[in-house]
Number of protein chains: 2
Amino acid sequence: MSEAGSRPTLEAVAARAGVSRATVSRVVNGGDGVREPLAERVRRAVEELGYVPNQAARSLVTRRHDAVAVVIAEPETRVFADPFFALQLRGISKELTTHDNQLVLLLTEGRDDHARVGRYLAGGHVDGVLVFSLHLDDALPALIQGAGIPTVFGGRPGWSSDDDGAVYVDSDNRGGARAAVRHLVGLGRRRVAHIAGALDQTSAVDRLDGYRDVLPGADPRLIAEGDFTPAGGERAMRALLERCPDLDAVFAANDLMASGALRVLRERGRRVPGEVAVVGFDDMAPLAEQTDPPLTTVRQDIEEMGRLMARLLLGRLRGGPGEAAGGTAAGVVLSTTLVRRASA
Amino acid sequence: MSEAGSRPTLEAVAARAGVSRATVSRVVNGGDGVREPLAERVRRAVEELGYVPNQAARSLVTRRHDAVAVVIAEPETRVFADPFFALQLRGISKELTTHDNQLVLLLTEGRDDHARVGRYLAGGHVDGVLVFSLHLDDALPALIQGAGIPTVFGGRPGWSSDDDGAVYVDSDNRGGARAAVRHLVGLGRRRVAHIAGALDQTSAVDRLDGYRDVLPGADPRLIAEGDFTPAGGERAMRALLERCPDLDAVFAANDLMASGALRVLRERGRRVPGEVAVVGFDDMAPLAEQTDPPLTTVRQDIEEMGRLMARLLLGRLRGGPGEAAGGTAAGVVLSTTLVRRASA
DNA sequence: TTGAAAGCGCTAACAA
DNA sequence: TTGTTAGCGCTTTCAA
């Protein structure tokens, strides 16, 4: 913390400690093979000078950056309307921090940004990348896989996952949906409707599949596609009530749509859960507890998903590039839990 | 995109184009002072080889990184419970992207992380930093200012802002609060209560000040401190009803607390807005439209705040370090607008 | 165990 | 206008 102006270099530390640059470098990078008295002298010099290694110089020779990019591809604003994103980032950040890696955030909106992201990743600025891409038709994931940089996806990618060794972390959407619907059936409900999410997203598809697992012969009119928004939930609920006035339960593919459904039910004078039981998905932070009545829903541990993604990626980075081709697990699926509140 | 293995260097491009490294460098960095036919040859070589500059090598000599850190200091989870954070990031990201800068995200929780962040920033990995710190007693902002790296704050910092040239961007919390309270007064309300936010945050203090601007002689019992959460809003509302059963309006310092207040009012059988009018603050995405009744609230343009922060920082980076000392505007305040819905 | 020296890929004087 | 050259600060053989 002395020497105003430019920061001290290895050279300066070496001079002060009376050793060679190589020795300082060794001490700074773990200190293997340096005798204790010397190492101590170096450490003191580092301390006194306030030396911090120049990462650019280091990367230039090691070709490592100790940095990971996080790509969030979401043309729509949905991601920003719920805390999902923030929680994942927090999980990722914690894990990266633990391993002294930096997080470079790449937000994209639309095709124009794809080229930019592709260029950045191919440019070798980061050691690996974590990708969130919700839509099946999104070109970005393929583009990134093409860049030949270690990648872990958040959420099951749209293409068949055994395609290439695409590694991903996802919630057990299907299992969670099954638990939700089983709960409703266990409550004695006989006409259980489903408000699906936008079916161009694997999470929506998986939740619908879970519903079907439990009710394979369900009346197709009991299924309405929403878009994960409250307004979409309202629309779907209205359509369902029109088609099937006798429905006695609704499983909505997320809490936002469930809240819309609740509003419509209230407006139509249907008591919840008396006449219609409602279950959501996500256990979205402020919302689920504050609907009227509070929402029974399926909780997923978002932060843990983030942490796991980072852990997987760092593992691949350490393990060398060969692992992808090997028999590594392609997907890791996190379990979900049903949180019971008043709506079902 | 040929030459498997390591990526092509300047040298390779130079060889292929039959020129010197310096010429290639010039073309790659804008091409000033290179005659057209030559420049074209270089461009083609770059294209053919799929050359991407090595940022580490470049930074090593230029001492610039074209990267900006964003520090979000929030030990509590509040930030993650609303989309504030995500919207700011989006604004920041857009602006940085436009100017070819990268975004390095630093999330901190508690003191332990402070040292890490300080070290990182002092380490000269990024050209500047954007800091969000909500609490008055947070040590981080001072630490960062000490690191001697160009900084822009999100939200008015706690210390007196003319202290040092601390640059910040904030919403017009005070003005927004005034508008909210004036609206209630204009509705003919005579007993207007205020549920304040956590008063260790400048935004809460500023909103309370705005309330007092309009109602300088307000009964102190009409003011209750909350903590920006729905539960806090409930508690505050209960206390207010106890102390002042005759209140006919409430201005809550954010929408989350307003939603809690609404719940308590409903539970107590007070009609909104008939008997008690309610106004919130934030216009928080899904929530404000979905309370019952929908919330009249003060909207702030969060994304624009982010964009502006980035713009200010980049301006300082270009303008050289001298600008801080000069007469640069210390704070930029964004206006707010009252959004009228059914609650007031 | 320590030091000397080469070189990572690039930019920026300076010369031609 | 173009090329030559000297580093930027670090890691890493290789020798001692």
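Side chains included, hydrogens not; waters and symmetry mates left out as well; all remaining heavy atoms used. Quick caveat, the model's predicted, so the values are computed rather than measured. The sequence lines fix the lettering, A, B, ..., with proteins before strands; numbering per chain opens at 1.
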(request) Check the pair B:Q102 / B:L96 against side-chain contact (heavy atoms from CB on, under 4.5 Å), numbers first and verdict last. (result) CA-CA 7 Å; B:Q102 296 309 324; B:L96 291 181; over 6 Å; no
(message) The criterion is side chain to side chain donor-acceptor pair (under 3.5 Å); which residues satisfy it with B:H114, sequence neighbours excluded?
(response)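 By the side chain to side chain donor-acceptor pair (under 3.5 Å) rule, B:H114 matches no residue at all.
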(request) Using side chain to side chain donor-acceptor pair (under 3.5 Å) as the criterion, list what pairs up with A:N101, not counting sequence neighbours. (result) none
(request) Tell me, please, which residues at least two apart from A:R119 pass salt bridge (Lys or Arg N to Asp or Glu O under 4.0 Å). (result)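 In terms of salt bridge (Lys or Arg N to Asp or Glu O under 4.0 Å), with neighbours along the sequence ignored, A:R119 is linked to no residue.
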(request) Compute the bend angle of the helix from C:dT1-D:dA16 to C:dA16-D:dT1 from the end axes (five pairs per end), rounded to 10°. (result) 30°
(request) Please name all residues satisfying ring-ring contact (aromatic ring centres under 6.0 Å, His included) with B:H125, sequence neighbours left out, ordered by chain then number. (result)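 Only B:Y120 meet the ring-ring contact (aromatic ring centres under 6.0 Å, His included) criterion with B:H125.
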(request) Look at the side chain of B:R307 and the backbone N and O of B:K94, then say whether any donor-acceptor pair between them is shorter than 3.5 Å. (result) no
(request) Produce a footprint string for nucleotides 8-16 of chain D: one letter per nucleotide, 5' end first; B if the base is under 4.0 Å from any protein heavy atom, S if only the sugar-phosphate is, - if neither. (result) BBBBB----
(message) Checking side-chain polar atoms at under 3.5 Å, does B:R63 have a donor or acceptor matched by the opposite partner on A:N54?
(response) no
